[in-house]
Amino acid sequence: MYSDKVIDHFTNPRNVGEIEDASGVGEVGNMKCGDIMKMYLKINDETNMIEDVTFKTFGCGAAIATSSMSTEMIKGKTINEALDLTNRAIADALDGLPPVKMHCSVLAEEALKAALLDYQKKSGKNLGLNEEDFEDWDEQ
Amino acid sequence: MYSDKVIDHFTNPRNVGEIEDASGVGEVGNMKCGDIMKMYLKINDETNMIEDVTFKTFGCGAAIATSSMSTEMIKGKTINEALDLTNRAIADALDGLPPVKMHCSVLAEEALKAALLDYQKKSGKNLGLNEEDFEDWDEQ
Amino acid sequence: MRKVYLDHAATTPVRQEVLDAMMHVFKEVYGNPSSIHQFGRPARKLMEEAREKVAKAINADPKEIVFTGSGTEADNIAIVGGARANKKKGNHLITTVVEHHAVLDAFKALEKEGFEVTYLPVDADGRISVDDFKNALRDDTVLVSIMHGNNEVGTIMPVEEIGAICRERKILFHTDAVQTVGKIPVDVKAINCDFLALSGHKIYGPKGIGVLYMRRGVRTQPLYFGGGQERKLRPGTENVANIVGLSVAIELAVAEREQESARLSALRDKLIDGILGSIEETRLNGPREQRLPHNVNVSIEYIEGEALLLSCDMKGIAASSGSACTSGSLDPSHVLMAMGLTHTTAHGSLRLSLGKATTEEDVDYVIEQLKPIADKLRAMSPVWER
Amino acid sequence: MRKVYLDHAATTPVRQEVLDAMMHVFKEVYGNPSSIHQFGRPARKLMEEAREKVAKAINADPKEIVFTGSGTEADNIAIVGGARANKKKGNHLITTVVEHHAVLDAFKALEKEGFEVTYLPVDADGRISVDDFKNALRDDTVLVSIMHGNNEVGTIMPVEEIGAICRERKILFHTDAVQTVGKIPVDVKAINCDFLALSGHKIYGPKGIGVLYMRRGVRTQPLYFGGGQERKLRPGTENVANIVGLSVAIELAVAEREQESARLSALRDKLIDGILGSIEETRLNGPREQRLPHNVNVSIEYIEGEALLLSCDMKGIAASSGSACTSGSLDPSHVLMAMGLTHTTAHGSLRLSLGKATTEEDVDYVIEQLKPIADKLRAMSPVWER
Ligand SMILES: Cc1ncc(COP(=O)(O)O)c(C=O)c1O
Ligand SMILES: Cc1ncc(COP(=O)(O)O)c(C=O)c1O
Ligand code: FES
Ligand code: FES
């Protein structure tokens with residue numbers, strides 16, 4: 001059912017945990033299945049570089065693997081690069097997900113955007129993120 | 001499905017054939033399945049003894065076996081004894097018939113009664129048989 | 001005594017390759033295909049491979065294959081489910097008088113629900129006419145079911161022509177290919193059908209498994225309800241062993257078809273000629289041309305079918321008189337009656353259906369044995385005047 | 001790595017005795033049971049012997065046994081067929097919220113046809129109350145279906161009491177005994193049921209075969225149509241191999257029941273105590289008493305079920321989270337939700353179902369492995385605050 005990469009990221013998830021003094025924290029719930037993901041970002045205010053990122057996920061194998069993969073994909077990247085990350089790109093990086101599990105990858109994309117929104121609020125920078133977009137997502 | 005006795009009478013039917021100068025001939029059709037049985041009786045007018053009996057049957061294994069068995073059961077018997085023969089007795093003598101095949105044994109009883117009716121007509125004796133009864137049977 | 005099984009149209013033995021594949025499932029892959037663990041995943045995988053094999057065998061897409069519990073079930077989901085699901089589009093259905101009971105009785109049930117059904121007549125060979133079909137079409141015709149090949153008399157129906165007309169008029173077309181797969185080409189695209197029914201046990205696969213082909217985009221309804229298996233059309237834990245068995249059976253049947261059908265056709269013709277040549281007042285039921293390669297059906301006049309069967313059985317010859325399913329019933333075959341046979345002639349019919357194990361010696365043996373059987377029964381028959 | 005199959009409630013491997021009996025059918029008795037010749041008669045005979053065995057196992061008469069293609073089918077013929085056939089007598093039906101989908105979805109379909117259905121609630125242990133049932137009864141109640149034992153949480157229902165009330169009021173009573181046969185006594189006379197459903201693959205028999213017990217004189221309707229097999233309730237060529245296989249399976253299951261159930265109950269309790277004792281914030285779903293001997297169902301809070309299953313699978317432990325049939329779906333188990341669990345707790349449920357092959361070492365192994373799995377997943381969980 002799951003690709004070897006999914007199984008690998010599920011079995012050995014990268015970047016699990018919390019960041020005490022995170023620059024931004026995002027928590028999203030997946031309305032479709034009741035699962036929850038929380039993402040912590042440590043951002044260099046000067047360079048806009050994501051220096052550290054961690055996650056915590058209550059969710060299925062696909063949710064955990066996409067959480068793990070997404071942190072790998074944005075670590076060391078700039079905020080702009082992170083904003084371009086889509087759930088499809090995460091799924092592709094995992095060699096795909098079963099169709100019924102595609103929605104799980106949305107969790108990772110959403111958590112990241114929520115964390116960046118939190119950073120936007122805290123830092124006062126304008127990243128072009130909109131609170132309302134998230135409320136919409138929540139009801140998807 | 002069939003008892004050994006049915007198979008025996010089907011494989012080696014007794015008294016197959018016609019009697020040229022029969023005292024009575026009965027032919028009945030089984031409305032339920034379209035099968036036909038013809039019975040020939042040779043009756044001693046003095047003693048009322050059935051001296052010979054033969055049959056011809058177009059019908060299933062049960063029809064052939066009951067035809068054969070019924071001729072055995074009445075050969076050498078009196079008309080009165082023959083009148084008492086029921087299809088159930090024939091079936092019993094064959095160690096039973098499958099329920100869906102019970103109606104086939106009626107063919108033998110009917111053919112016998114029809115032959116006796118024919119004898120009643122030809123001989124002028126009153127055996128107490130009624131033409132109308134047979135018409136009823138036909139529609140059973 | 002020689003044993004000659006000539007009832008392959010009723011059912012076939014399971015071939016060794018199929019049995020081996022099934023044993024593998026029974027022993028090694030016993031998980032529930034819906035389970036996500038290591039016992040369930042291989043079961044799912046085998047099932048999906050089986051689906052691909054079946055799809056390939058009839059030129060379909062794996063997504064168009066639904067595994068059912070029998071050919072009967074496949075026919076019913078197509079016809080009863082198809083008619084109910086498309087009721088809004090129209091109320092008129094068309095089939096033939098010579099269908100298998102799995103089809104006929106489905107239509108009878110739909111009639112009780114208020115559908116109108118036209119039963120197309122057949123000619124003396126058991127074939128419908130395309131003109132009759134065209135005349136039967138109405139604006140509110142929603143579903144047509146015409147069998148590919150007849151199980152009793154082997155008549156092959158003009159399904160490609162019917163299919164093309166239905167497709168053009170956007171009418172659902174189902175065909176029952178239970179008797180034809182592995183015997184003549186069965187290609188859902190060439191037939192232009194929306195549904196097609198198959199059964200495992202007619203092609204040396206197991207009993208209790210069928211296939212419904214369902215063209216992409218076509219709608220039907222389940223007839224019973226439960227888990228989500230087979231897209232909810234056939235709920236219940238999947239019979240993985242039988243699914244795999246059927247897939248092996250159909251793959252082999254299609255691969256061997258051309259050669260085996262040529263062999264069977266030759267034996268069939270020899271058997272027909274042998275019987276007609278040796279027993280007087282005997283007729284062939286069904287056509288000489290466009291006939292399924294494994295089917296012989298003759299009426300030996302003045303003899304009743306069951307007596308004939310029993311007598312054959314005593315000589316080791318297993319045959320059938322009309323459809324196996326109806327042999328418990330007393331009515332003469334509805335197929336033979338529809339072809340215009342008299343009650344008596346229909347009663348005296350004998351179906352000899354050939355198969356993989358049938359040899360030329362078997363055919364010779366049957367020809368040799370049948371004549372004395374006929375003589376003996378005729379000597380007993382009040383309608384035989386000779 | 002050790003492999004521990006603890007998903008026996010989803011399906012069981014076919015036991016050797018069953019396989020042997022089936023192989024005999026496949027190899028020697030391949031005729032169609034409806035055929036009257038020497039290949040058909042032994043098949044018919046085996047089938048009727050199988051019917052006797054099944055009847056004996058549940059204290060019924062052979063005439064009351066109908067072979068179906070699955071447990072799902074048996075449930076549907078009883079419920080959908082039973083309700084439709086007795087529609088004239090009334091329009092109200094009663095079942096429970098915790099039935100298997102084969103039952104629940106049948107009732108949903110009947111609702112669409114205009115029947116009114118009362119779904120009885122359950123208590124925290126998953127059990128209905130007889131008082132609730134009595135209150136739900138109406139003058140126009142025609143059919144009641146209450147499962148004998150629950151497949152997810154192992155709750156045994158008070159079916160004898162329900163049965164007695166239904167019998168007195170001449171209401172049809174069906175019970176789904178798919179999970180209970182071979183585990184607790186299943187006696188149709190003691191239960192006072194009119195219908196009862198069984199399935200082969202839960203008792204070390206083959207998949208794709210079920211049994212409908214139907215009390216003499218009770219009326220139902222077929223859901224699909226065709227030949228006259230199984231009194232027209234389940235048309236289609238009979239699956240002789242599976243019928244024989246099921247009969248051997250049920251005979252052995254009933255013979256071994258007492259001893260095996262005692263063994264399983266002890267292992268079950270050890271497993272429950274072991275898990276609850278080693279992992280904090282874990283709850284048992286379903287009752288401690290009146291629980292099926294093979295069922296363990298726990299919720300490990302703050303963990304999601306699929307992640308738990310996958311982790312178990314990586315340690316060789318095959319389990320399930322809710323019903324196997326629903327594991328493709330995303331909704332948490334309807335049974336656990338009905339018992340009052342929160343969405344999150346229901347999501348973290350794990351069903352471990354024991355069987356013939358389960359040993360004490362297996363149980364020890366699971367207890368040992370589960371704690372680190374729970375720790376690891378909780379460490380990853382945003383809802384676990386420790
Ligand atoms: C309680 C219950 N009823 C019905 C079924 C359906 O049985 P089957 O898979 O044979 O259709 C199952 C198992 O899947 C079950 O556990
Ligand atoms: C033409 C045809 N259709 C349908 C069926 C029914 O198939 P099954 O026995 O698998 O239900 C049969 C055979 O019995 C058949 O010959
Ligand atoms: S995140 Fe809920 S099913 Fe994957
Ligand atoms: S006489 Fe017609 S079936 Fe027996």
Side-chain angles (χ1 to χ4, degrees), chain C residues 3 5 7 10-14 19 26 30-32 34-40 69-73 75-76 80 100-102 105-106 108-109 201 206-209 223-229 235-242 306 309-310 312-313 316 318-320 324-329, chain D residues 3 5 7 10-14 19 26 30-32 34-40 69-73 75-76 80 100-102 105-106 108-109 201 206-209 223-229 235-242 306 309-310 312-313 316 318-320 324-329:
Chain C
K3 292 206 187 255
Y5 183 75
D7 206 9
T11 197
T12 57
V14 178
L19 222 42
F26 283 130
Y30 58 84
N32 189 323
S34 299
S35 303
I36 62 170
H37 50 61
Q38 62 195 306
F39 294 83
S70 62
T72 298
E73 223 177 275
D75 279 328
N76 273 264
V80 181
H100 189 271
H101 278 291
D105 290 8
K108 299 250 168 70
H201 71 100
K207 296 178 178 59
I209 186 77
L223 270 63
Y224 56 100
F225 313 96
Q229 295 94 342
T237 306
E238 299 92 338
N239 190 342
V240 186
N242 275 16
E306 199 217 69
L309 283 191
L310 278 178
C312 285
D313 191 43
S320 123
C325 304
T326 57
S327 71
S329 119
Chain D
K3 291 206 187 255
Y5 183 74
D7 204 9
T11 197
T12 57
V14 178
L19 222 44
F26 283 132
Y30 58 83
N32 189 321
S34 298
S35 304
I36 61 170
H37 50 60
Q38 62 195 304
F39 294 84
S70 63
T72 298
E73 223 178 276
D75 279 326
N76 272 262
V80 182
H100 188 271
H101 278 292
D105 289 9
K108 300 249 168 69
H201 71 100
K207 296 178 176 62
I209 186 77
L223 271 63
Y224 56 99
F225 312 96
Q229 295 94 342
T237 305
E238 299 92 338
N239 190 342
V240 187
N242 275 17
E306 199 216 70
L309 282 193
L310 278 178
C312 286
D313 191 43
S320 127
C325 302
T326 56
S327 70
S329 118

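Every chain is numbered from 1 and lettered A, B, ... according to where its sequence line falls, protein lines coming before strand lines. Only heavy atoms go into these numbers, but all of them, side chains included; no hydrogens, no water, no symmetry mates. Source: prediction; values computed, not measured.
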Choice from [options] maximising heavy atom contacts with chain C below 4.5 Å:
{"options": "N76(D), V80(D), T12(D), L223(D)", "answer": "N76(D)"}
{"options": "G31(D), G71(D), A241(D)", "answer": "G31(D)"}
{"options": "A106(D), A319(D), A318(D)", "answer": "A318(D)"}

Honestly, the part of Y5(D) sitting under 4.5 Å from a heavy atom of chain C is both
Among [options], single out the residue with the greatest number of heavy-atom pairs under 4.5 Å to chain D.
{"options": "D75(C), L310(C), T11(C), I209(C)", "result": "T11(C)"}
{"options": "L19(C), N242(C), D313(C), T72(C)", "result": "D313(C)"}
{"options": "C312(C), G40(C), G226(C)", "result": "G226(C)"}
{"options": "E238(C), E73(C), H201(C), K108(C)", "result": "E73(C)"}

Interatomic distance, NE2@H37(D) vs NZ@K3(C), rounded to 0.5 Å, equals 11.5 Å
In this structure, CG of L309(D) is separated from CD1 of I36(C) (nearest 0.5 Å) by 4.5 Å
Checklist entry - Relative to the ring of Y224(C), is the ring of Y224(D) parallel (under 30°), tilted (30 to 60°) or perpendicular (over 60°)? => result parallel
What one should report as the nearest heavy-atom pair of S35(C) and D7(D) is OG-OD2, 3.3 Å
Distance-only, no hydrogens or angles: does the K207(C) side chain make a donor-acceptor pair with backbone N or O of G236(D) under 3.5 Å?
-> no
